[in-house]
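Worth knowing before you read on, the calculation uses all heavy atoms, side chains too, and leaves out hydrogens, waters and symmetry mates.
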Amino acid sequence: MKPARSFASDNNAGIHPQVLKAIAEANYGHSIGYGDDEYTQSAVRKFKQHFGSDTEVFIVFNGTAANCLSLKALTDSYHAVICSETAHIYTDECGAPERFTGCKLIPIPTRDGKLTVELVGHAYHGIGDQHHVQPPVISITHATETGTVYKPAEIKALARFAHERGMFLHMDGARIATAAASLGQTLRQATRDLGVDVLSFGGTKNGAMGAEAVLFFDKALSTNLLYLRKQGMQLASKMRFISAQFNALFTDDLWLQNAQHANRMARLLQKYVSAIPQVKLVYRVEANGVFAKVPRQAIAKLKRRYFFYVWNEQQSIVRWMCSFDTKEQDVKQFAKFVAETVKG
């Protein structure tokens, strides 16, 4: 029998019981639709408590939508967005950002999923030339798709580079909770205080059923978001059921507890698989993901029992993700199975 929990994705995890309870409690009676309800008003207040009273909050269904709407608000069709070549907006959103914004994405090769000022500088050219797309946005992912996290100084440097050139810094924060927890920062310290202009805030990977939001730290940038959200088919009629999830995550720092646990399980998995001679870790384990190079012939055998993704087929690199509901016993059993399989 296959184990109840896999290491494929934190998207595959269930819903945290407190989040599920909050959804059920929001199901009592009738409530005004399209975000004019008390649950959404409460969620917005909680966002403002974390990020600042002048934060503009727009709740949406999923992370792709949060990214697309964020970038649409900052760009025109002749613009470009500079991002890592591993960025979700470039590799896993089926061209949605380009279709929705009309912009070109400029992917930059990176060593560990993180952009640097030097790397961005190479892509920043053709400014004012009518023959070239103009790049007003740098988009970073925190935690990155390779499981690493940006140091505060690294984000500050990118923000400084952007702002000195009249550009904006967007953050894909699908896993911002695990990044902040890894660094011991508050959500604001990990984003706004470092110079981020617009944040795609993720709740789904942190124990929600499906809850994302777009946060603007400059109201002037969000002028058209009410209309773009509707046009982008992201205005939920029964928004209270999304908002209730944020209320649960922000109550008693559940978001932080979930993130810390997921990170702790990843470090435990790192410890166990590091002791297996045939397994080699390829990126630093800084959030809730473990990336490892394993013998090619072992991958199919491992996947017969545990579902996970192959990150780089040519290099035989796999990705193992931990979640808020990953148990220590899950990690031990999985690592034991990996050890037995690669030796065989």
Side-chain angles (χ1 to χ4, degrees), residues 43-59 63 66-67 69-71 73-74 81-84 87 89 112-120 136-144 147-203 205-206 211-222 225 246 249-260 262-263 284 286-288:
V44 169
R45 285 195 299 271
K46 290 180 184 295
F47 270 113
K48 290 176 180 287
Q49 289 169 4
H50 279 280
F51 292 97
S53 60
D54 57 343
T55 303
E56 293 294 309
V57 183
F58 298 87
I59 291 171
N67 286 333
L69 289 170
S70 296
L71 298 176
L74 303 175
V81 177
I82 299 172
C83 62
S84 164
I89 60 173
D112 55 2
K114 297 196 293 184
L115 290 178
T116 65
V117 169
E118 182 181 7
L119 291 173
V120 171
V137 181
I138 300 170
S139 180
I140 61 175
T141 312
H142 195 40
T144 72
T148 57
V149 300
Y150 283 90
K151 294 182 176 63
E154 293 171 331
I155 297 179
K156 279 186 176 180
L158 287 166
R160 189 181 311 113
F161 178 95
H163 297 156
E164 287 175 352
R165 291 159 179 79
M167 302 172 71
F168 304 106
L169 182 61
H170 164 256
M171 179 183 285
D172 179 348
R175 295 187 176 94
I176 184 59
T178 56
S182 173
L183 294 166
Q185 293 179 306
T186 66
L187 292 171
R188 174 168 178 158
Q189 288 170 341
T191 56
R192 181 175 189 170
D193 287 353
L194 300 178
V196 173
D197 297 295
V198 182
L199 170 66
S200 299
F201 183 91
K205 292 177 172 66
N206 189 226
E212 313 286 317
V214 181
L215 308 185
F216 291 85
F217 305 125
D218 180 350
K219 187 174 183 178
L221 300 177
S222 66
L225 232 290
F246 285 126
L249 289 176
F250 288 138
T251 297
D252 297 327
D253 282 338
L254 180 61
W255 71 270
L256 180 58
Q257 296 172 41
N258 288 349
Q260 288 174 333
N263 290 353
R284 295 186 305 277
E286 296 179 337
N288 63 319

Check whether any side-chain heavy atom of R160 sits under 4.5 Å from a side-chain heavy atom of V117, and report yes or no. no
Please list, chain by chain and in numerical order, all residues satisfying side-chain contact (heavy atoms from CB on, under 4.5 Å) with A162, sequence neighbours excluded. I138, M167
Spatial distance of atom CG (D193) from atom CD1 (I155) [nearest 0.5 Å]: 11.0 Å
I'd like to check the side-chain contact (heavy atoms from CB on, under 4.5 Å) partners of E154; sequence neighbours left out, ordered by chain and number. K114, Y150, K151
Nearest heavy-atom neighbours spanning A259 and A177: CB-O, 3.4 Å
Can you check whether I140's main-chain N or O pairs, donor with acceptor, with D172's side chain at less than 3.5 Å? no
Can you find a heavy atom in the side chain of N258 that is under 4.5 Å from one in the side chain of L249? yes
Does the distance from a Lys or Arg side-chain N to an Asp or Glu carboxylate O, for R192 and D54, drop under 4.0 Å? yes
Apply the test side chain to side chain contact (heavy atoms under 4.5 Å, CB included) to residues L215 and V198: give CA-CA distance (whole Å), side-chain angles for both, the deciding distance (0.1 Å), then the verdict. CA-CA 6 Å; L215 308 185; V198 182; over 6 Å; no
I need the full list of ring pair (Phe, Tyr, Trp, His ring centres under 6.0 Å) pairs touching residues 162-191, with sequence neighbours left out, sorted by first then second residue. none
Contact check, side chains of S200 and M171, non-hydrogen atoms, under 4.5 Å: no
Candidates F201, F217, W255 - the one meeting ring-ring contact (aromatic ring centres under 6.0 Å, His included) with F47: F201
Mind running side chain to side chain contact (heavy atoms under 4.5 Å, CB included) on T251 and K46 for me, showing each step along the way? CA-CA 9 Å; T251 297; K46 290 180 184 295; 4.0 Å; yes
Taking L225's backbone N and O only, do any of them form a donor-acceptor pair with S222's side chain (distance below 3.5 Å, no angle check)? no
For A211 and F246, work out which heavy atoms get closest and say how close. C-CZ, 3.4 Å
Testing the basics here: between C83 and I89, what is the closest heavy-atom pair and its distance to 0.1 Å? CB-CD1, 3.9 Å
Salt-bridge criterion met for R284 and D112 (N-O under 4.0 Å): yes
Determine whether V120 and F161 satisfy the following criterion, side chain to side chain contact (heavy atoms under 4.5 Å, CB included), listing intermediate values before the conclusion. CA-CA 9 Å; V120 171; F161 178 95; 3.5 Å; yes
Can you tell me if R175 uses its side chain to pair, donor with acceptor, with the backbone of A143 under 3.5 Å? no
Ignoring hydrogens and geometry, is there a side-chain-to-backbone donor-acceptor pair from T191 to L187 under 3.5 Å? yes
Starting from the C-alpha separation in whole Å, work towards a yes-or-no answer on side chain to side chain contact (heavy atoms under 4.5 Å, CB included) for E56 and K219. CA-CA 6 Å; E56 293 294 309; K219 187 174 183 178; 3.8 Å; yes
Closest contact, heavy atoms only, A43 versus I59: CB-CD1, 4.4 Å
L256 CG to N263 CG distance, which is reported to the nearest 0.5 Å: 9.5 Å
E286 to T148 - nearest heavy-atom pair and separation: OE1-CA, 3.3 Å
Check L194 against A159 and note the closest heavy-atom contact, atom names and distance. O-CB, 3.4 Å
Taking the side chain as everything from C-beta on, heavy atoms only, tell me whether D218 gets closer than 4.5 Å to L221. yes
From OG (S182) to NE2 (H142), nearest 0.5 Å: 8.0 Å
What distance separates H50 NE2 from Q189 CD, expressed to the nearest 0.5 Å? 12.0 Å
Less than 4.5 Å apart, any side-chain heavy atom of T144 and any of V149? no
Looking only at atom types and distance, does a side-chain atom of K48 sit under 3.5 Å from a main-chain N or O of T55, one as donor and one as acceptor? yes
